[in-house]
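Working notes, structure below.
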Amino acid sequence: MVSKTEEPGVHSPVPAQTPDKSPDLCCDHSTGMTLMNGDGAHECQTDEEPKQNGHEVGDQNEEGNEQEVIVIQDTGFTVKIQVPGIETFTIQVSPQEMVQEIHQVLMDREDTCHRTCFSLQLDGNVLDNFAELKTIEGFQEGSVLKVVEEPYTVREARIHVRHIRDLLKSLDPSDAFNGVDCNSLSFLSIFTDGDLGDNGKKKKKGNELDQIDCTPPEHILPGSKERPLCPLQPQNKDWKPLQCLKVFTMSGWNPPPGNRKMHGDLMYLYVITIEDRHVSITASTRGFYLNQSTAYYFNPKPANPSFLSHSLVELLNQVSPTFKKNFAALQKKRVQRHPFERIATPFQLYSWTAPQMEHAMDCVRAEDAYTSRLGYEEHIPGQTRDWNEELQTTRELTRKNLPERLLRERAIFKVHSDFTAAATRGAMAVIDGNVMAINPSEETKMQMFIWNNIFFSLGFDVRDHYKDFGGDSAAYVSPTNDLNGVRAYNAVDVEGLYTLGTVVVDYRGYRVTAQSIIPGILEREQEQSVIYGSIDFGKTVVSHSKYLELLDKTSRPLKIQKHKVLNDKDEEVELCSSVECKGIIGNDGRHYILDLLRTFPPDLNFLLVEGEDMPEECTKMGFPKEHRHKLCCLRQELVDAFVEHRYLLFMKLAAMQLMQQKASIQESLNPGKNDASANSSDDTEKSEKLEEGNQTEEKVKEDEEDDLDGEARLKELEESMAAHNDAVDMKSKEVIQKACQAVGSISETSFDIRFNPDIFSPGVRFPKDLLEDVQNQKQLLKDAAAFVLSCQIPCLIKDCLDHSVVPMDGATLAEAMHQRGINMRYMGKVIGVVQKFPVPSQLDHIHKILISEVITRSAKHIFKTYLQGVELSGLSAAISHFLNCFLNSFPNSVAHLPSDELVSKKKSKKRKNRNLSSVDNTAWASVTPQDLWKNICSEAKSYFDFDLECDNVDQAVEVYNLQKISLLREICIKVGIQILLKEYNFDSKHKPTFTEEDILNIFPVVKHVNPKASDAFHFFQSGQAKVQQGYLKEGCELINEALNLFNNVYGAMHVEICACLRLLARLNYIMGDYSEALSNQQKAVLMSERILSIEHPSTIQEYMHLALYCFANNQLSMSLNLLYRARYLMLLIFGEGHPEMALLDSNIGLVLHGVMEYDLSLRFLENALSINSKHHGAKSLKVALSHHLVARVYETKGEFRSALQHEKDGYTIYKNQLGEQHEKTRESSEYLKYLTQQAVALQRTMNEIYKNGSNANIRPLKLTAPSMASVLDQLNIINGILFIPLSQKDLEHLKAEVQRRQQLQEALKGADYLEAENIETVKSETTDSTTVTSPVTTQNSA
């Protein structure tokens, strides 16, 4: 679950080599690159370029089916840079880069970072910033570029000041804690002491074991009840940054008066140095100099000396010696940080905890806050951006070949992430009251806003628009449904059909939808604009031929059926979407569709329809249920899984009948053939019960070559029938028709399932002659509703049981459910299935996460309305009161009403309430813990249909084995609260846990579309497939290629890039390149921390992988530190007893065993043993392995009895599961013999001592510490990396088997389901012709 396959991609294009150049240069360059419009694909390092070229050509032969792979990067070359005042240096560039990117590199380098206003000249000619290097005449290997200082303008001066401020703040984490400018936190360097060099070689500190301090902190030992919060964000020593200046701000004398403008004054700055010297500085066209103004007296004349300097840093260096020293030290530290710690992320991540930060003066922040209120963006021509135009023109870019597609995807991604950031900023401004409404006279809930060319509306039911659908509840959920529709249409990407940029923001209890604006829509009435669809839910409906043509192209991928409905005049109107979907042609002539809230068919389990009977699977689980709104849709994943399931059914039915025909013809020739088809029909019935839409394995287990024959023939038949070919005999035609009818296909000649999204839509009527079709569609919807319950939920439980998905918290659980198309409203039902499971303890962890999710989601629903009634001044008091009622044991939590020290004695009675809430503003203060928990229980019942058996938090914790700290984390993340990082006492009966000082901030929760890098993703998938077939080298090359392409589209930071790096690191490790594995995995950890968050389950897994590679690189104490960190995080988000904890504890136990900390090692290994027994059953092979690991530690301690006992238990499991002859059983039996001999020897020695006393002749016992190699072998085994010796013959078999499976899969149209394979089988062929060691990596299985 955590290893999301759909998250591939990253940093250095060919990580197979390590840069030998000075680290700061290569860091600089990479950062410089990646900061440029998201273009991180060209790390310009000497060692990487040439190789890149080479391996891209390699892919061409590799990937015949990929569209022509064009060599993206040409070989790089080196150029010299001459900068005034420092020595000439060289940098590596690629012909693809723009001149501007060299600028970026220079602005990031330690020795040139303080320059921003300069041009680059080649032989006296100024280079155009936006020219590609390859287009510049005479630009070649060894060219000399001169940096020439240019005169400043006001804009350039502002950019310079902003850049200097960024350099001063470069180590300061406050932006990351405050969630601004796409900064986020990373703590990896604290646990590695920055010791992971770029090349993974540790700075030698001596590797003697006695230097390693292995004692874990008390709170992470197994059995510890403490769950401290402070270690989550350890204080970094670099954070108390070297202070360079006391104050650095804009002067109050700005802007310069007219006469000074004519002297070249651009603006004035005011600085107080550390030495307490107050100076006023003029920024002029020639640079910066000191003037004679003071705080109260304006005298713009240059001071004496004026220190005129082109760069502000050079000026300050002369004014303040401390500045000079500290600024240099700061820049040295800055460039030593890993580039991934400082590059901006594509979307903002918010932290739910933060330490107490000092609020320092900051001129740029102050200015930004002001300009953001106006919706201006300083750094672009024209100041405000036309978002709609940008979003649509990027979609119109050509996409004929790979470079064009990359350019297009990069532009789409960049504009989209900018739009998301602007929309979030605007939505917060709207709720905070900083934006004027466009209809200010209306009631506050009905107001709409425009800011920065984005349209904002609130999630309330305005003008009873959703009266028949559930009022405000429907209005609240409609934006997210609409967003899912936008996501679906964007993914299909039909040329000529346009959707709006859409972002949904939840902030302070309100839901705001932000949309780009269709040109001209504000000038006309909606009735005139809409030329397709309906504005009144189906009373008046119109259609348009161009829209039908465009939407028809989307109907197959989105499984939408073209259908006719009746309008209010009883005329038939043809549609290819739901009636709510509106088509508007903008003034720009583009065809827009909007209101896509019913793109997917309704979920009948949550829609009560008069006179309709639901299938038995639904009724026996208590469906249909009345939900609070009528907009419940099936998820796109569910629709796809259902269609895939039906396709398998169709194939089986048809193939079976064709086989029977074929068998009857062949009977005379080959009487034995019949059994096969009989078996096959038998199997079909069996596997129907097991059937699960997207599980490739099931397909593979179908019925040998015979079926392949039938299916291949069936494919031919389908095609020829579709072409109306007379050659198809009647019998075969009948076979396909029957199969089509049986599975509900809308065509009789081929498999084609589509849904009509208007079925069961209130107010929509269908023509009489289509009644039969409508009945079939209704049946299809009922089957889909039953499919969720009969297939998808059991499949989720099955996957949890065999640990192919291992959720650790609410987010990963939601993701696992969503991937299978199960909505969160089904949680109550999922809990029901889990509770009825025969061995419930094996699903304990799932049960715990589900309950915690029901509680926190119910609390979130209540919190939303609770917060709407709070005015801004009471926000922190109200939030702390809510958290106290939710989590504190204190029985009568009293709210602290904000003290009215600001209100004058004579209270004005005329204060008109103009904020969004209209109720009494202190109603929130009367909520008690009892009320809140009563509401949570009733919400859980009404929304999730689950009965919570608890009246307060302590009961919940006790009954369901939850922990308060995890509940706190879940609720904070869900509603966007940020709390102070400190230890909270939840169990005090005498005082509340939270005070208003503990609530630091409230953040928006943002939902948006994630544009994908399609070509890169195909490469990634092909790479994964190659790896699974055992072609490691080819796989590695494809994944490196994917990495390049991902970098090209997303820039340097993205979840998919993270997955790419993780897989690369694993491949490097398997192929024996440990230091490269370490370097790639370090990037994966940093990226996961920065993009997903420091305590996300994926981050925990990345830490575990990194620890393994550290151990392999002989960095033992670092490996332990990383494992301890992972254990702490897992305790925080889940607690003890998670199946992944067993793996983590086995890892810790093994490393401790390796460093001879035997007692500690036993604590962890025995804990792992008990967790494994609980989750896998006492007879599983995992448990046998755990027994063996414990036995090894007892042996090294000399406690042979205990060792024997454990090894015997392990041996018994192996014997029963694998048989006496199996290699594992034999190994175990050998080890038992050895232990017995040792035990006997020990006993003899003891007897000797008893008999002869002190003069006994004692033979020394052989107690050996384990070798590092043996520990590493065990670590590989438990982490699912096995090296299996294979003979040539085995290899041939394996290859044949892989090929046969592939053919079968192709016949079954399994192209898109590679990801479903959870087991990566990996073979590497060595030169040895007789035996081959083949590493097989499996997902965490022993």
Side-chain angles (χ1 to χ4, degrees), residues 347 416 419-420 423-424 426-428 430-431 454-462 465-466 469-491 499-516 558 577-578 580-582 593-603 605-607 627-639 757 761 810-811 813-815 817-819 821-827 853 856-858 860-861 863-865 867-868 939 943-944 973-976 1003-1011:
F347 301 103
H416 180 77
F419 176 70
T420 306
T424 309
M428 291 167 72
V430 163
I431 298 299
I454 305 173
F455 175 78
F456 297 92
S457 53
L458 299 169
F460 294 110
D461 184 12
V462 186
H465 190 61
Y466 291 104
F469 291 87
D472 276 349
S473 297
Y476 185 79
V477 52
S478 139
T480 45
N481 281 4
D482 182 34
L483 183 68
N484 290 336
V486 171
R487 187 178 290 130
Y489 278 102
N490 279 355
T499 56
L500 303 184
T502 308
V503 175
V504 178
V505 180
D506 289 311
Y507 177 61
R508 284 181 49 192
Y510 296 96
R511 173 158 284 182
V512 186
T513 311
Q515 289 169 312
S516 60
L558 294 180
S577 64
S578 68
E580 290 86 359
C581 170
K582 302 172 190 37
I593 49 169
L594 54 154
D595 286 352
L596 307 173
L597 56 144
R598 299 185 75 117
T599 301
F600 299 108
D603 181 352
N605 288 326
F606 289 91
L607 193 64
H627 201 57
R628 56 187 57 168
H629 58 78
K630 293 184 175 160
L631 294 179
C632 290
C633 298
L634 297 172
R635 293 186 65 86
Q636 186 173 10
E637 298 91 336
L638 193 273
V639 173
S761 195
L813 171 79
E815 194 185 305
M817 287 175 66
H818 288 163
Q819 277 171 356
I822 308 166
N823 300 74
M824 297 314 279
R825 55 177 175 268
Y826 283 99
M827 270 200 304
E853 197 63 355
T856 48
R857 278 179 185 256
S858 303
K860 175 183 87 170
H861 297 167
F863 183 74
K864 184 186 78 197
T865 38
L867 216 54
Q868 286 176 10
E939 180 70 10
Y943 198 93
F944 300 108
I973 290 172
K974 283 182 177 53
V975 299
F1003 288 127
V1005 177
V1006 185
K1007 298 180 178 66
H1008 57 88
V1009 179
N1010 257 321

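Please read these numbers as outputs of a predicted model, since none were measured by experiment. Heavy atoms only: backbone and side chains are in, while hydrogens, waters and symmetry mates are out.
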What are the two closest heavy atoms between Ser761 and Glu580, and how far apart are they? OG-OE2, 3.9 Å
Partner residues of Lys974 under the side chain to side chain donor-acceptor pair (under 3.5 Å) criterion, sequence neighbours left out: Glu853, Glu970
Evaluate the side chain to side chain contact (heavy atoms under 4.5 Å, CB included) criterion for residues Phe347 and Thr420: first the C-alpha distance (whole Å), next the side-chain angles of each, then the deciding distance (0.1 Å), finally the verdict. CA-CA 8 Å; Phe347 301 103; Thr420 306; 3.8 Å; yes
Minimum heavy-atom distance between Ala488 and Gln636, given as atom pair plus value: CB-OE1, 3.8 Å
Taking C-beta and beyond as the side chain, do Met817 and Met827 meet within less than 4.5 Å on heavy atoms? yes
Less than 4.5 Å apart, side chain to side chain, heavy atoms only: is that true for Ile822 and Leu638? no
With side chains defined as the heavy atoms from C-beta onward, is the minimum distance between Pro1011 and Asn490 less than 4.5 Å? no
If we ignore hydrogens and angles and just use 3.5 Å, is the side chain of Tyr510 paired with the main-chain N or O of Gln868 as donor and acceptor? yes
Can you sort out the partners of His861 under ring-ring contact (aromatic ring centres under 6.0 Å, His included), two or more places apart, ordered by chain and number? Tyr943
Between CZ of Arg508 and CE of Met428, what distance do you get to the nearest 0.5 Å? 9.5 Å
Ring-plane angle category for His627 and His629, please: parallel below 30°, perpendicular beyond 60°, tilted otherwise. perpendicular
Straight-line distance of Asp595 CG to Ser578 OG, nearest 0.5 Å: 9.0 Å
Residue list, ring-ring contact (aromatic ring centres under 6.0 Å, His included) with His818, at least two apart or on another chain: none
Is there a side-chain contact between Tyr476 and Asp506 (heavy atoms, below 4.5 Å)? yes
Any chance you could measure Thr599, atom OG1, to Tyr489, atom OH, to the nearest 0.5 Å? 5.0 Å
Closer than 3.5 angstrom, by distance alone: can the side chain of Asp603 be matched with the main-chain N or O of Asn605 as a donor-acceptor pair? yes
Which donor-acceptor pairs under 3.5 Å do side chains of residues 477-485 form with protein atoms, sequence neighbours excluded?
{"unit_1": "Ser478", "atom_1": "OG", "unit_2": "Tyr466", "atom_2": "OH", "d": "2.8"}
{"unit_1": "Thr480", "atom_1": "OG1", "unit_2": "Val477", "atom_2": "O", "d": "2.7"}
{"unit_1": "Asn481", "atom_1": "ND2", "unit_2": "Leu631", "atom_2": "O", "d": "2.9"}
{"unit_1": "Asp482", "atom_1": "OD1", "unit_2": "Leu596", "atom_2": "N", "d": "2.8"}
{"unit_1": "Asn484", "atom_1": "OD1", "unit_2": "Arg487", "atom_2": "NH1", "d": "2.7"}
{"unit_1": "Asn484", "atom_1": "ND2", "unit_2": "Thr480", "atom_2": "O", "d": "3.4"}

Give the intermediate values and the outcome of side chain to side chain contact (heavy atoms under 4.5 Å, CB included) for residues Leu458 and Val512. CA-CA 5 Å; Leu458 299 169; Val512 186; 4.0 Å; yes
The ring-ring contact (aromatic ring centres under 6.0 Å, His included) partners of Tyr826 (sequence neighbours excluded) come to Phe606, Phe623
How far apart are the closest heavy atoms of Lys864 and Gly509, and which atoms are they? CG-O, 3.4 Å
Under 4.5 Å between any side-chain heavy atoms of Lys630 and Phe469, yes or no? yes
If you compare all heavy atoms of Pro757 against all heavy atoms of Ser577, which two are closest, and at what distance to 0.1 Å? CG-C, 3.8 Å
Return the minimal non-hydrogen interatomic distance between Leu634 and Phe600, and the atom names on each side. O-CB, 3.3 Å
Work out which heavy atom in Arg628 is nearest to a heavy atom in Ser473; give both atom names and the distance. O-CB, 3.7 Å
Hey, are the side chains of Tyr507 and Thr424 touching, using non-hydrogen atoms and a 4.5 Å cut-off? no
Report the distance from atom CD1 of Ile431 to atom CZ of Arg511, rounding to the nearest 0.5 Å. 12.0 Å
Could you work out, with side chain to side chain contact (heavy atoms under 4.5 Å, CB included) as the rule, every residue matching Ala514, not counting sequence neighbours? Ala423, Ile454, Phe456, Val503
Report yes if the side chains of Thr499 and Leu594 come closer than 4.5 Å at any heavy-atom pair, otherwise no. no
